[in-house]
Amino acid sequence: MPPSVPSLPRRVARILRTSLFAQVACALVLGIVVGKLWPGFGADLQPLGDGFIRLIKTIISPLVFCVVVVGIAKAGDLKAFGRIGLKALIWFEVASTLALVIGLLAANVVQPGSGMNVDPSTLDASAVDAKTGGGHLPSTTEFVLEAIPTSFLGAFAENSLLQVLVLACLVGAALLHLGHTKVPQVLPAIEQAQEIIFAIVGFVMRLAPIAVFGAMAVLIGNYGLGVIETYGKLIVLCYVAAALFIALLALALKLVTGLSLWKFLRYIREEMLLALGTASTESVLPRVMQKLRRAGARDDAVGLVLPTGYSFNLDGASLYLSIGTLFIAQAVGVDLSLGQQITVVLVLMLTSKGMAGIPGSAFLALSATASSLGAIPAGAVALLLGVDRIMDSMRVVTNLLGNCVAVFAVARWEGALDRERAKKVLDGEIVVGLEDAEPTEQPQELKKEPAAETG
């Protein structure tokens, strides 16, 4: 007798039970429906998303610390780690500047704010202050000083990624200096702690659908779908510009590493959907780090480039800020000269580096840019209050993909990428199980250490 084929309801139930992607996708749709039909109830579901992100944040700092320390100790070369950091910063600056320029060009061609003829005096500037909580972006000196920890435990308690990176580099360098003979138990202990943290990530990720459901219900409940009609031209422009930038990222990844960004996107589809639903790249940092390591990028490259990119390589935010600045100027009838637009790029190159982790940072950066120009009323930034949350999806996708491409590119330049392994993983020839210490298929292949390339 031929084997019985499960009925459609059973197949659907099995997919929902085993696939995180399917669970998150269903939660996304359900959240939109609830937010549309019962906006008041949907707006009250904020704690679901916030609670999940809090859980994720508790493990980001120790995870980054462990991955970086183990990466430096196993690489055995502190100079190589320094080269990775330098190459990463160069990539970040080129990529974020390109994003700013693309945003300005797109806004000049389409002119999303033209014809609005907004009177700045009718705008409520205090709404921007409420959004930012009275905060401010740090100056360059403050930014550098804030990256230096004042205490070992304080860096973890404040969840400051840059401070944790500094501590991890110092500990990794100390382990290299002392050698495994003087402190033989330290590195194995850190490796074991790393495995425990990844196990915790697996537990927390089971709550991802609940978080996505709550976050989407809040978004639709608070803002509704009407905002898309009001700001349709601006929204479409931002997303098209982001698609163009991602296409350039795909080209750069192919030229530098020979890998396909579209296959990588399929590889991290669960994490991407979760980031979209929660409007946070932090919510997927642990899982993306793990997947990049499984895809052939060496620990030290992943541990340094990806977390650093969360502060220095906000490509999606750069696109949004440049388009947003010109949108505001066009809406209030201000014609910015070429020199003023160059000033916009220069100012945003600085302000975008201090945005990570600051509430309402996009509005702070826009206000700082408007003040530096002197031609745009600072209160005009309030024009973007209604559409800012809709832009989170664009920023999240572009930021995350930009940082992942940076990991692969820098790892390739430093000989820290096993390209053959990466291609097999992205093609599905090697299937890895993230909740397990070992892969689910072809264990002999995956038990090998990633082979560092020499070319």
Side-chain angles (χ1 to χ4, degrees), residues 57 59-93 138 140-180 182-195 197-198 282 285-286 288-290 292-293 297-313 353-354 356-357 403-404 406-417 449-450 452:
K57 284 185 174 181
I59 54 180
I60 287 178
S61 292
L63 175 61
V64 169
F65 178 81
C66 291
V67 170
V68 172
V69 171
V70 172
I72 294 176
K74 285 191 171 181
D77 185 359
L78 198 58
K79 291 182 179 179
F81 196 71
R83 289 197 302 269
I84 289 174
L86 179 61
K87 291 174 181 177
L89 290 176
I90 293 173
W91 178 279
F92 293 160
E93 195 56 50
T140 303
T141 303
E142 290 173 336
F143 183 70
V144 172
L145 288 176
E146 287 175 4
I148 302 174
T150 55
S151 73
F152 199 98
L153 295 179
F156 291 89
E158 296 172 6
N159 213 26
S160 174
L161 276 185
L162 289 181
Q163 293 185 12
V164 171
L165 277 173
V166 171
L167 290 174
C169 292
L170 292 174
V171 173
L175 284 176
L176 284 181
H177 176 71
L178 294 173
H180 299 309
K182 290 187 178 180
V183 284
Q185 303 301 321
V186 174
L187 184 58
I190 295 176
E191 288 182 301
Q192 291 168 15
Q194 178 178 279
E195 293 303 319
I197 294 169
F198 277 127
E282 284 188 338
L285 176 59
V288 171
M289 287 181 70
Q290 196 172 13
L292 287 168
R293 292 167 65 234
R298 209 168 64 197
D299 283 7
D300 51 347
V302 174
L304 180 61
V305 178
L306 190 62
T308 306
Y310 271 52
S311 293
F312 287 92
N313 191 39
K353 298 298 183 291
N403 285 319
C404 290
V407 171
F408 280 125
V410 173
R412 168 62 178 150
W413 287 338
E414 191 54 33
L417 176 66
E449 291 291 331

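Note that the structure is a prediction, hence the values are computed from the model and not measured.
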Exercise: identify the closest heavy-atom pair between Val302 and Pro307: O-CD, 3.4 Å
From CD (Gln290) to CG (Leu285), nearest 0.5 Å: 11.5 Å
Considering all heavy atoms, the nearest Gly303-Val67 contact: CA-CG1, 3.7 Å
Close side-chain approach of Asp300 and Leu304, heavy atoms under 4.5 Å: no
Ile197 versus Cys66, closest heavy-atom pair with distance: CD1-SG, 4.0 Å
Ile148 and Val166, any side-chain heavy atoms less than 4.5 Å apart: no
Distance in Å, Asp299 CG paired with Arg293 CZ, rounded so as to fall on 0.5 Å steps: 4.5 Å
Which atom of Ala406 lies closest to which atom of Phe92, heavy atoms considered: CB-CE2, 3.7 Å
Lys57 NZ: over 12 foreign heavy atoms closer than 6.0 Å: no
Matching residue for Thr308 among Ile84, Asn313, Leu165, Asn403 - test: side-chain contact (heavy atoms from CB on, under 4.5 Å): Leu165
Pairwise distance CZ(Phe65) to CZ(Phe156) - rounded to 0.5 angstrom: 5.0 Å
For the student: nearest non-hydrogen atoms of Ala88 and Val410, plus distance: CA-CG2, 3.8 Å
Ala155 to Val164 - nearest heavy-atom pair and separation: O-CG2, 3.8 Å
Contact check, side chains of Phe198 and Leu63, non-hydrogen atoms, under 4.5 Å: yes
Rounded distance (nearest 0.5 Å) linking atom CD of Gln194 with atom CE of Met289: 8.0 Å
Glu158 CD to Leu153 CG distance, which is reported to the nearest 0.5 Å: 11.0 Å
Side-chain touch Ile60/Glu282, heavy atoms, less than 4.5 angstrom: yes
